[in-house]
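One structure is given below, encoded as structure tokens.
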Amino acid sequence: MQKYECTICGYIYDPEKGDPTQNVEPGTAFEDLPDGWTCPDCGAPKDQFVPV
Amino acid sequence: MATVCDAVRLTDRVYWVGAIDWGIREFHGYATGRGTTYNAYLVMDETVTLVDTVKAPFKDEMLGRIASVTDPAGIDLIISNHAEMDHTGCLPEVMEATGAERVLASKNGKKALAAHFHLDERIEAVETGQTVRLGETEATFVETRMLHWPDSMMTYLSGEEILFSQDGFGMHLASTERYADQLPRDIVHHELAKYYANILLPFSKLVTKAVAALREMDLPLAMIAPDHGPIYREDLAWPIDAWARWAEQRPTRKAVVTFDTMWHSTESMARAVAEGLLQGGATSVRLLPLAASHRSDVATEILEAGALLVGSPTMNNMVFPTVADCLTYLEGLARKNLVGAAFGSYGWSGKAIGRLEAWLDAMSVERVADSVALQYVPDEAGLARCRALGRQVGEVLARRVESS
């Protein structure tokens, strides 16, 4: 699955891991993250992420 | 140029040329009771290099210190480790005054400087691992994004073995003493902790990674030179270990109770809660009335705590404003692994308690006791319930810490 990187702080969203800090299950594609989801490290919104 | 202040020689090639701000007492929400310094460093190598500048009103102090060593117009290179204006306030003017050919910043730094000063294309982006030979010495850049801004980076100077750590391991402490070992240890420790609590706490996961990376790089280090406060030249493991420890955010058996009060009722409840905490097993309780405590000092107290209990009266259905101020601030600092509870006196609606509960939940403070809300002036039975609340939280805290 496609990983995405936060262009503000460098955090990598790995769909296989999800994001437990915001109740995102492993296996959740980036596109399926809720609109209000933000970077867990720096708070940047989804639109600051790019595929890597 | 008339020089009032001199540079301070750190090594044969490296000078401190910063500014001391004795009078600052408020720094974007942080009470700086001991003032601060804006540190800038001059590297007198073949490429004369300036590392960071100072807050705008202190430009002449910095330029004067530089002039005591060399003509500022001779500076070839400026390194900007961080775009915040306590370090870049006079950067545009210094760029003009020095005619520096190159100004280096991280990629995010270049963007940030453009958005602050609407500069042209004179800023060059560098990345982690990139080096610039200055002569006998060589500068290597290490990005430290979100410690504490996206643009933050550090610069390591080999040949001198100095890590210019920018805000890393920094503190707000004005002094003529330039080295940490020249200052009372307890003051340095307190200000280091306060700085971490108020500036770095939300980024603790990144601090853990950065410290691990720093230790793995295993750089020979003679000095750590931050951009605020004293320079470390002895026992360099101490500030690094302190940051690593605080980043773990382990709970302790220390509890913080913060509150405000309209007619001393919530205050008397807070005192009973504090007593209960001690009876339940907290080894230390900080009772912080917000009328007498600054939010940044409350933040410092929760750095090494395990519990946060918050008391508020209800005023016009709302949490009392000083309590809301403090919680807004603490929520942003995102301290993890705390247990807590809510309490307060009220007149008729009592709506602040529900708001406090929701707020603590949003802050990930685990409420381990039912809130206590009492009408007007608490009676003995009411105060006993407050003590019981404290005791309950104290017992949970003691159990959690022992089992961890």
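Predicted model, so just to flag it, every value in this text is computed and none were measured. To find a chain, count down the sequence lines: A is the first, B the second, and so on, and within it residues start at 1.
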Quiz item: Checking B/Asn108 side chain against A/Ile8 main chain: does a donor-acceptor pair fall under 3.5 Å?
Solution: yes
For [X], does the [atom1] atom have more than 12 heavy-atom neighbours from other residues, nucleotides or ligands under 6.0 Å away?
X	atom1	result
B/Glu216	CD	no
B/Glu127	CD	no
A/Asp35	CG	no
B/Arg250	CZ	no

Quiz item: Given that the side chain runs from C-beta out, which part of B/Lys209 has a heavy atom under 4.5 Å from chain A: side chain, backbone, both or neither?
Solution: side chain
Exercise. Calculate, to the nearest 0.5 Å, the distance between atoms CG and NZ belonging to A/Asp41 and B/Lys205 respectively.
Key: 4.5 Å
Practice problem: Please name the pair of heavy atoms, one in A/Cys6 and one in B/Arg145, separated by the smallest distance, quoted to 0.1 Å. | Solution: O-NH1, 4.4 Å
